[in-house]
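The model shown is predicted, which means the values in this text are computed figures rather than measured ones.
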Amino acid sequence: MSKSDSRAETAARIRHLLDTEGDAVAENTRGFNRGRYESTGELGDYESLKSEARAIKEDAIERLPELIDDLRESVEARGGHLYVADDAADANEYVREVVDGGNVVKSKSMTTEELDLNEALEADGARVTETDLGEWVIQLAEEDPSHIIGPAIHKSREGIAELFNERFDPEEPLETAEELTAFAREKLLEDVREADVGVTGANFLTADSGTMALVTSEGNARKTAVVPDTHVAVSGVEKVIPTIEDLAPFVELIARSGTGQDITSYVSLFTPPVASPPVDFSDPDSAVADPGRVAGDGATEPHPDREFHLVLVDNGRLDMREDDDLRETLYCIRCGACSNSCGNFQSVGGHAFGGETYSGGIATGWEAGIEGLDTAAEFNDLCTGCSRCVPACPVEIDIPWINTVVRDRINRSGDPGDLDFLVDGLTPDEEPAGLDPTKRLFGNFETLARLGSATAPLSNWGAGLGPVRAAMDRWLGIAPERDLPTFERETLVDWFAARGGPRVSESMARREAVVYPDVYTNHVAVDRGRAAVRTLEALGVRVRVPESAAAASGRAPLSQGMVETAREKAERCRDALLPEIDAGRDVVVIEPSDLAAFEREYERLLPADDAERVADGCYEVLEYVFGLLENGADPGGLAAGDGEPVAYHAHCQQRTLDLEAHTVAVLERLGYEVTTSETECCGMAGSFGYKSQYYELSMDVGEPLVEQFGDADRVLASGTSCGEQLDALLGSPAEHPIEAIAPADG
């Protein structure tokens with residue numbers, strides 16, 4: 001299959017999911033995400049709880065072999081069995097021997113989905129029933145889960161009603177949510193009563209006591225664990241934590257992060273085998289628990305009729321533990337917050353943004369470690385690196401970095417082509433010759449921009465020709481619907497030099513600053529660079545825009561998974577900026593994604609001391625203006641709003657860095673009436689929205705902006721890609737906020 005055919009196939013699949021599942025997925029995930037904000041906002045110690053949870057997981061994974069030994073001792077001391085399975089086949093074989101073809105009820109478990117346990121048991125003649133409502137729905141529909149915690153979020157109520165009515169033909173057609181739930185409860189209770197074995201997962205396992213925590217919304221896990229006489233718990237080895245006291249931060253965080261509930265309906269702690277007898281439905285007068293064991297001495301002793309098996313699954317996890325970049329994946333507590341906060345996931349769900357088992361941002365790490373790079377490659381590009389999942393993650397996993405590293409490995413795993421030898425020495429990057437040409441193009445945007453400016457306006461005219469756009473679409477996958485950047489012949493550096501350099505004298509300057517001429521500002525959006533210079537000068541700052549600082553940050557190649565190229569550019573950018581910082585000048589950054597590179601990714605690309613010095617010396621432009629005004633700078637020379645309404649959309653990485661509020665504060669201080677965007681990511685995400693296979697998805701992600709800003713007369717956006725997307729969505733250009741407040745050109 002040619003690349004163009006493959007892109008067309010991807011686009012068609014995304015279009016189908018947008019049409020068939022998109023509305024339901026969007027409603028549910030956005031609802032979960034709003035709930036997360038509300039619920040976590042009520043926690044005064046939210047950030048410290050996240051750090052505590054992170055520390056517990058770091059410690060647990062570091063000491064995992066030791067903790068597994070402790071857990072084994074705890075489980076076996078109570079008469080239970082613990083088995084560590086090497087892989088899926090090993091785990092399934094063990095469970096099959098326990099089940100022996102009997103009736104099985106299961107509570108929700110992503111690990112058993114990973115193992116394809118149901119299929120393995122059914123091959124032996126076992127009848128397996130999922131008791132979680134969402135899992136039962138997709139079991140009946142013979143579909144895969146579309147979300148880590150909400151397996152059936154892609155299903156509408158009407159669709160579920162149609163499924164139930166066709167499958168069970170009830171006397172009266174089912175319609176309402178109440179009718180569907182009541183019907184499911186009765187049907188599932190029949191299977192629970194007849195079950196020989198109950199299979200559960202485990203949210204957490206404590207090594208000190210052998211206690212397992214099950215966090216659910218329906219209570220079905222309790223029935224599954226305690227009604228049958230045999231309980232099998234299947235869990236990844238990463239679920240083990242040291243002590244029962246360590247559960248505290250996770251109980252506070254998991255529901256708030258996943259669904260926005262302060263706490264889930266059921267938090268069940270079992271130390272199996274449990275003390276209560278199996279439920280005997282044939283004798284309704286029998287006690288649910290032995291009176292002599294309910295309280296006092298002996299209450300914690302396992303019931304003699306109980307049988308418990310804990311199957312801990314490796315299946316690649318111990319190798320991930322030794323992988324410096326994938327290890328963080330094992331800290332995941334499967335809350336789904338990364339999915340709910342992701343613009344792309346909100347539109348298409350896990351049937352596009354997911355692999356064999358796992359979905360959402362964290363899925364890349366799981367699928368790469370468990371299934372391999374080929375599986376991860378199928379959906380990895382749907383992570384745009386927007387970073388909105390970073391503050392959402394309750395254990396502070398750097399999910400975008402995991403996706404970037406896996407993308408880099410995918411890039412380097414391809415087979416070389418017949419003409420790949422020509423690439424060596426011809427491309428200005430550190431990547432293998434077999435790299436996808438689309439990624440190489442966008443990853444080398446600095447080179448393209450330099451060439452575009454040097455040959456403008458001819459370059460702009462040529463790029464707009466029909467045959468050229470058709471070739472770009474066919475060979476590079478650049479969406480013909482997108483307007484291409486228009487390169488300026490006079491760069492920002494050229495303009496600043498031509499105007500004679502700094503206009504604020506050293507003796508009169510409040511501060512000295514360098515306006516960082518990022519690639520886009522220097523070669524395309526020169527107006528916003530000029531506006532930044534004029535604004536800072538109006539506030540008494542001595543500004544420079546030196547040619548030496550015009551070094552790409554590395555953000556472009558990093559977005560394509562070109563890590564070594566990004567590292568080389570980061571080193572060059574560091575060498576350009578540190579002399580300015582060491583000379584006492586502040587570095588003012590206009591493009592939020594470049595600032596995010598300085599503050600977040602450079603710690604991965606540079607020595608720690610260098611990364612820290614760059615991060616400490618750089619400021620987002622409106623953050624810097626805010627600081628100047630707070631410290632007494634006179635705003636009189638800036639453009640006043642005089643009550644003018646403006647609609648403002650913050651860049652996603654700007655929000656991750658907690659910088660949106662500075663822009664809003666400056667605009668309001670200058671008299672603008674600001675409406676802020678309720679959409680976290682506009683969907684453009686740098687080069688993502690330019691790619692033909694993702695164009696429709698990109699526009700769908702941005703659609704809520706049309707609903708909110710469609711009638712706005714003036715729209716502001718901090719990010720380059722945000723402005724381009726708003727232009728496409730609204731049909732009119734968006735300004736950078738610095739352009740709105742800058743003094744008139746002079």
Side-chain angles (χ1 to χ4, degrees), residues 9-10 12-29 31-32 88 92 104-123 126-169 174 177 180-181 183-184 187-188 191 199 201 216-218 220 234 258-259 334 336 339-340 342 344-360 362-363 366-367 370-371 375-376 378-379 382 697:
E9 186 177 275
T10 299
R13 174 165 172 72
I14 288 173
R15 188 181 310 117
H16 171 73
L17 290 171
L18 288 172
D19 291 342
T20 57
E21 300 180 2
D23 289 344
V25 169
E27 180 179 357
N28 284 294
T29 53
F32 288 158
N92 288 342
V104 177
V105 287
K106 287 178 73 258
S107 68
K108 184 181 179 303
S109 164
M110 290 304 295
T111 306
T112 61
E113 291 281 352
E114 173 189 325
L115 304 177
D116 290 328
L117 178 62
N118 289 12
E119 290 82 348
L121 297 178
E122 288 167 349
R127 180 162 65 91
V128 182
T129 303
E130 297 284 354
T131 63
D132 173 86
L133 180 56
E135 288 284 354
W136 190 52
V137 167
I138 64 169
Q139 183 183 31
L140 294 174
E142 298 182 348
E143 295 177 359
D144 294 324
S146 59
H147 193 286
I148 287 177
I149 62 167
I153 63 166
H154 61 288
K155 292 286 192 184
S156 66
R157 176 183 56 80
E158 293 81 6
I160 295 172
E162 182 179 354
L163 174 67
F164 281 15
N165 290 327
E166 288 182 358
R167 183 66 180 263
F168 299 107
D169 191 23
L174 305 170
L180 293 167
T181 304
F183 178 82
K187 295 291 290 185
L188 291 172
D191 289 318
V199 176
T216 66
S217 296
E218 300 171 17
N220 59 299
V234 182
T259 60
R334 311 274 179 82
S339 299
N340 301 334
C342 172
N344 283 343
F345 192 97
Q346 289 173 0
S347 285
V348 294
H351 288 158
F353 200 158
E356 292 293 323
T357 305
Y358 299 102
S359 58
I362 196 64
W366 282 120
E367 296 289 336
I370 290 168
E371 300 290 344
T375 301
E378 294 175 3
F379 63 93
L382 285 172
L697 172 56

Point to revise | Donor-acceptor contact below 3.5 Å, side chain Lys155 vs main chain Ala24 | key: no

Check your understanding: Just checking, any donor-acceptor pair under 3.5 angstrom between side chains of Tyr358 and Glu113?
Key -> no

Review point. Heavy atoms, side chains only, cut-off 4.5 Å: are Thr216 and Lys108 in contact?
Key: no

**Study point:** Under 3.5 Å donor-acceptor, Asn92 side chain and Leu115 backbone
**Key:** yes

Check your understanding: Considering residues at least two apart in sequence or located in another chain, which fulfil the side chain to side chain contact (heavy atoms under 4.5 Å, CB included) criterion with Thr29?
Key -> Val25, His147, Ile153, Asn340, Phe345, Gln346

Study note, to complete from the structure: Closest non-hydrogen atoms of Leu18 and Ser347, given as atom of the first, atom of the second and distance, are CD2-O, 3.6 Å

Practice item. Look at the side chain of Glu130 and the backbone N and O of Ile138, then say whether any donor-acceptor pair between them is shorter than 3.5 Å. Key: no

Review point. Just by modelled atom types, is the Thr20 backbone N or O under 3.5 Å from a matching donor or acceptor in the His154 side chain?
Key: no

Practice item. Grab the two heavy atoms, one from Ser146 and one from Ser359, that are nearest each other, plus how far apart they are. Key: O-OG, 4.0 Å

Point to revise | Flag, side chain of Glu367 to backbone of Glu356, donor-acceptor distance under 3.5 Å | key: yes

Practice item. Would you mind reporting whether Leu17 and Arg13 have side-chain heavy atoms less than 4.5 Å apart? Key: yes

Review point. With sequence neighbours excluded, what pairs up with Asp132 under the salt bridge (Lys or Arg N to Asp or Glu O under 4.0 Å) test?
Key: none

**Study point:** Leu117 and Val199, any side-chain heavy atoms less than 4.5 Å apart
**Key:** yes

Point to revise | Minimum heavy-atom distance Ile149-Arg334, with the two atoms named | key: CG2-O, 3.3 Å

